[in-house]
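Letters A, B, ... are given to chains in the order of the sequence lines, protein chains preceding strands, and every chain is numbered from 1.
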Number of protein chains: 2
Amino acid sequence: MRIRDEKKEEIVRQKALELLVKLGFDGFSMQKLAKAAGVSPATLYIYYKDKEDLILKIGEEVGERMVKATFEGFHQEMDLKTGLWLQWTNRANFHLNHYLETQFYEQLKLTPYKDKLAENITAKFSQEMGGFMKNAVKNGETVRMKPEVFWSVAFAPLYNLIKFHIAGKSMGGAPYQLSEQDMKAAFDIVIKGIKK
Amino acid sequence: MRIRDEKKEEIVRQKALELLVKLGFDGFSMQKLAKAAGVSPATLYIYYKDKEDLILKIGEEVGERMVKATFEGFHQEMDLKTGLWLQWTNRANFHLNHYLETQFYEQLKLTPYKDKLAENITAKFSQEMGGFMKNAVKNGETVRMKPEVFWSVAFAPLYNLIKFHIAGKSMGGAPYQLSEQDMKAAFDIVIKGIKK
DNA sequence: AATATAAATGAATAATCATTTACTTATGAA
DNA sequence: TTCATAAGTAAATGATTATTCATTTATATT
């Protein structure tokens, strides 16, 4: 039997990301994707059940890569500051090197597709963070708080800086580019707030 | 001459928000909107030049209402903690009372439409925050930092809590509902980090 | 070399899309 | 009461949509 062309599949994924980000979810279509990837529309239905399946599968793949990158070199026994900074740099690097993936995934998580996304991605996050936080409390590095609160004060500032960076502009439409200096400035404030 | 039915226009806006959020930007269409609002598709083209104009105009209106709500009762001479907490509560109340608007606006800001959004909304933000921050530095309440950094450490945690609330679930798919208690817990950490 | 089978396709499907056209309706001004 | 004008509409426009069908192509196994 004929063998599936993995390269072709990869092009489809890449072009799908490009088009979804460039045209938005509404501007995107299967025919445009087929044309951009240089395949027949029917081929897309060999790789994916339908359009929703395509978007969700690509979304889940991106999510998994992001989680993996975030926890590269991380273990729950790290002290608060070290572990947090590792995740900050991991995450920032991923976003800066995977512009399209980030842009796409952030959108996806706000659309109705989010309800159909597999939950193993956030589950992994939750589990790693839970253990890390528990440890930090045990060691007297911080006080007990809900995971949602911890997450929000510990990571949201970084994600927001990345969001500014991705948009290319920030407050008042001013150009903005994320720098390590800004990351460090934000991190100092965050860790100061979290540390007991 | 015949007079425009303001009530009809309002229904269109409301239904547009509902459909855009419920169906996503891709599921949304002018015909669906017309049907949901009980008007002819052609009527939409009296109110708006085209679909893009409709989405942008509604987006700008939402943005303006959000800014106005955020700065209700605010003035730049407030001390850091008071001014920040006022904005937190203002913003949280707006989001909780205007679920659809928030959901829609957050999406809009990530789609390609964002480049065509009028910038007077973020400009107002930028201006108010700039003065507030400058004042806080002058009074020795905090150290000098880029507006983007300040913004990210001071507000991103709240927005993230709101995002959890809107999604209805947070880490690991666990149900989540924003409480004043959580807001206060997060705020304490944030203000501790920012204060000199 | 022949066969079986899944990959891949170009062209078609019916549905839906954004938008326009030709027309009717309501209302303030005359 | 008539008239001018903008609001509002039903129905149609051609383009584009997601998906499928009938067919061809490539390869692993026999």
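- Between the CD1 atom of Ile11(A) and the P atom of dA8(C) there is a distance of 11 Å, rounded to whole Å.
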>> Go through it in stages, so that I can follow the logic: the residues are Asp53(A) and Tyr45(A), the test is side chain to side chain donor-acceptor pair (under 3.5 Å), and I'd like the CA-CA distance, side-chain angles, deciding distance and then a yes or no.
In response: CA-CA 10 Å; Asp53(A) 184 50; Tyr45(A) 289 85; over 6 Å; no
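- Applying the 4.0 Å criterion to OP1 and OP2 of dA8(C), one finds that Ser40(A) has every side-chain N and O outside that range.
- dT19(C) atom C1' lies 14 Å from atom CD of Glu52(B), rounded to whole Å.
- Note: Ser179(B) OG to Glu148(A) CD = 9.5 Å, rounded to the nearest 0.5 Å.
- Taking the six-membered ring where the residue is Trp, Phe164(B) and Tyr176(B) present perpendicular rings, their angle passing 60° and hence far from 30°.
- Ring geometry for Phe187(A) against Trp88(A) counts as perpendicular: the plane angle is over 60°, on a 0 to 90° scale with 30° as the lower cut.
- The side-chain heavy atoms of Glu119(A) and Lys169(B), taken from C-beta on, include a pair separated by under 4.5 Å.
- Looking at heavy-atom distances under 4.0 Å, Ile3(A) makes contact with sugar-phosphate atoms alone, never a base.
- Summarising the geometry, the separation between CD on Glu9(A) and C1' on dA6(C) is reported as 13 Å, rounded to the nearest angstrom.
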>> Treating primed atoms plus P, OP1 and OP2 as sugar-phosphate and everything else as base, which nucleotides of nucleotides 13-18 of chain D get B, S or - for protein heavy atoms under 4.0 Å?
In response: ----BB
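- The distance from atom CG of Leu33(B) to atom P of dC17(C) is 12 Å, rounded to the nearest whole Å.
- Here dA6(D) presents its P atom at 18 Å from CG of Asp5(B), a figure rounded to the nearest Å.
- Nucleotide dA10(D) holds its P atom 12 Å from the CD1 atom of Ile46(B), rounded to whole Å.
- The aromatic rings of Phe155(A) and Trp151(A) lie tilted to each other, with the angle between the two planes from 30° to 60°.
- Closest-nucleotide positions on DNA chain C for Leu44(A) and Ala42(B) were compared, and the one nearer the 5' end corresponds to Leu44(A).
- Backbone-only engagement by Tyr47(B) is indicated by non-hydrogen atom pairs under 4.0 Å involving sugar-phosphate atoms exclusively.
- A straight line from CZ of Arg4(A) to P of dT25(D) spans 20 Å, rounded to a whole angstrom.
- OP1 and OP2 of dT5(D) both lie 4.0 Å or more from every side-chain N or O belonging to Arg2(B).
- At dT9(C), one or more side-chain N or O atoms of Lys8(A) fall inside 4.0 Å of OP1 or OP2 (strictly under the cut-off).
- If you measure from atom CZ of Phe25(B) to atom P of dC17(C), you get 16 Å, rounded to the nearest angstrom.
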